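See structure below.
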Amino acid sequence: MSTKKSITDLSVADLKGKKVLVRCDLNVPLDGKTITDDTRIRSSIPTIEYLTKAGAIVTVCSHLGRPKDGPEDKYSLGPCAIRLGELLGQEVKLAPDCIGDEVAKIVEEAKEGDVIMLENTRFYKEETKNEPGFVEKFAKPYDMYVNDAFGSAHRAHASTEGVTKFLKPSVSGFLLDKELKYLAGAIDHGEKPMAAIVGGSKVSSKITVLNALLDKCDKIIIGGGMVFTFLKAKGLSVGTSLVEDDFVETAKEVMAKADSLGKQILLPSDIVVADKFDAEANTQIVAADSIPDGWMGLDNGPDSTAEQKAFLSDCKTIIMNGPLGVFEFKAFEKGTMGIIDILADLTASGSITVIGGGDSVAACEKSGRAKEMSHISTGGGASLELMEGKILPGVAALDDK
Ligand SMILES: Nc1ncnc2c1ncn2[C@@H]1O[C@H](COP(=O)(O)OP(=O)(O)O)[C@@H](O)[C@H]1O
Ligand SMILES: O=C(OP(=O)(O)O)[C@H](O)COP(=O)(O)O
């Protein structure tokens, strides 16, 4: 049982009339301004609705994407405010900023039951740096804090960690509670053999988790953009594929550790390569050790899917984070859809399957098989770090019971 204080530990009287800052993870996949999967917004509703019904004045905050240098329209939370309003059936006013006098005025003038959304917290570099001066300004308009952003709980940022030092109480929301409860059970009491599937494009943040995952898992599948840093570590050519040169050594260490522990890591044996990063690119399927110069790997091929199926066939607990290809383009979706089919079939035969992460969940929804998984998690990196055995900083910072 969690030792951290939850929204369920507060009474309605504790919430009525209170200005509550709620950190959600509304980092949804977008195609321009169109939300392609709203799972993270829908998952945030129970906490927000509970607070509005209790008569709180609710201010929702989140990051979206990884803006590099201040505000950028493509990373505005505007589309999320509109979608949240539709789901709640009430207006959600988008503040023009996440700190400052205008935000304070909007919060001050709001009535009980109102919902406000702040603009992207990452429009300030101080957010990810968790800079105390920024945190103080950020926390100022509110009486208390609820963290419901499971997908960002592995980040020690101003809005996920620092803010708890200024707002009391600081408690978890329903989604955070639900995710922690499910995942802790699945991981701590998960039946073996246990496997992790790690793909996607956030190579640097996820490759470092692999070393620790080797201690927990019997088998690991590497997929997506992660593959090419490993192929390069094996001395192979990767053309123009996504590679993180700074992590080639880490990939070598991961493979050496797997060997010394006698654990298996499966890399794709065939790759779908393209002559450009484009839905209409020319493509060919090549052996993983024969990627031609000037071509980039954007999916795994059919032989790899067959090998993944055999590799996972005896696994009783499987957690996946990160698509195995650029599934957003039809030409490169087969690897991701293939692994989703394998996981759905394994669930039907009794395995526990967890798919986590914004884009992975979007892919799973697109496949139509999301309901067949044991658990769909709003957190990818967060699920992996939990599996690794870490205490997530966004959780550690909350009030003790
Ligand atoms: N081979 C690849 N090259 C470049 N990008 C890839 C490749 N495979 C998958 N991706 C991209 O990875 C992105 C998702 O990565 P990530 O954010 O790590 O996953 P999640 O959101 O599920 O945690 C997708 O947008 C997908 O297009
Ligand atoms: O999408 C997220 O993580 P995920 O891709 O691991 O699911 C979270 O919103 C965290 O985003 P970040 O990895 O830019 O800190």
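Keep in mind it's a predicted model, so treat the numbers as computed, not measured. Counting convention: from 1, in listed order, for ligands and their atoms alike. The figures that follow rest on heavy atoms only: side chains count, while hydrogens, waters and symmetry mates do not. In this chain, numbering begins with 1 at the start of the sequence shown.
For ligand 1 and F228, the ligand atoms under 4.0 Å from any heavy atom of the residue are 1 (N). For ligand 1, the atoms lying closer than 4.0 Å to a non-hydrogen atom of G225 are 1 (N), 2 (C), 7 (C), 8 (N). For ligand 1 and G322, the ligand atoms under 4.0 Å from any heavy atom of the residue are 19 (O), 22 (O).
G325 O, 3.2 Å is the protein heavy atom nearest to atom 9 (C) of ligand 1. Atom 21 (O) of ligand 1 has its closest protein heavy atom at D359 N, 2.9 Å.
Within the structure, ligand 2 has R122 among the residues with a heavy atom less than 4.0 angstrom away. Heavy atoms of H157 stay at 4.0 angstrom or farther from ligand 2.
Side-chain contact check for Q264 and D218: no donor-acceptor pair (N or O, by modelled atom type) lies under 3.5 Å. A side-chain N or O of E179 and one of S377 form a donor-acceptor pair less than 3.5 Å apart. Judged purely by distance below 3.5 Å, without hydrogens or angles, the side chains of D400 and T3 never pair a donor atom with an acceptor atom. At a cut-off of 3.5 Å, with distance as the only test, a side-chain donor of S11 or D14 sits close to an acceptor on the other residue. In this structure, a donor-acceptor pair under 3.5 Å is present between the side chains of T121 and E127.
In terms of N/O distances under 3.5 Å, ligand 1 is approached by E328.
Counting heavy atoms under 4.0 Å from ligand 1, residue N321 touches it through the side chain alone.
Across A363, G297, S201, G151, heavy-atom proximity to atom 3 (N) of ligand 1 is greatest for G297.
Cation-pi check for K366 over F327 is not met; the charged atom does not lie both under 6.0 angstrom from the ring centroid and within 45 degrees of its normal.
The nearest pair of heavy atoms linking C315 to K219 is SG-CD, 3.8 Å.
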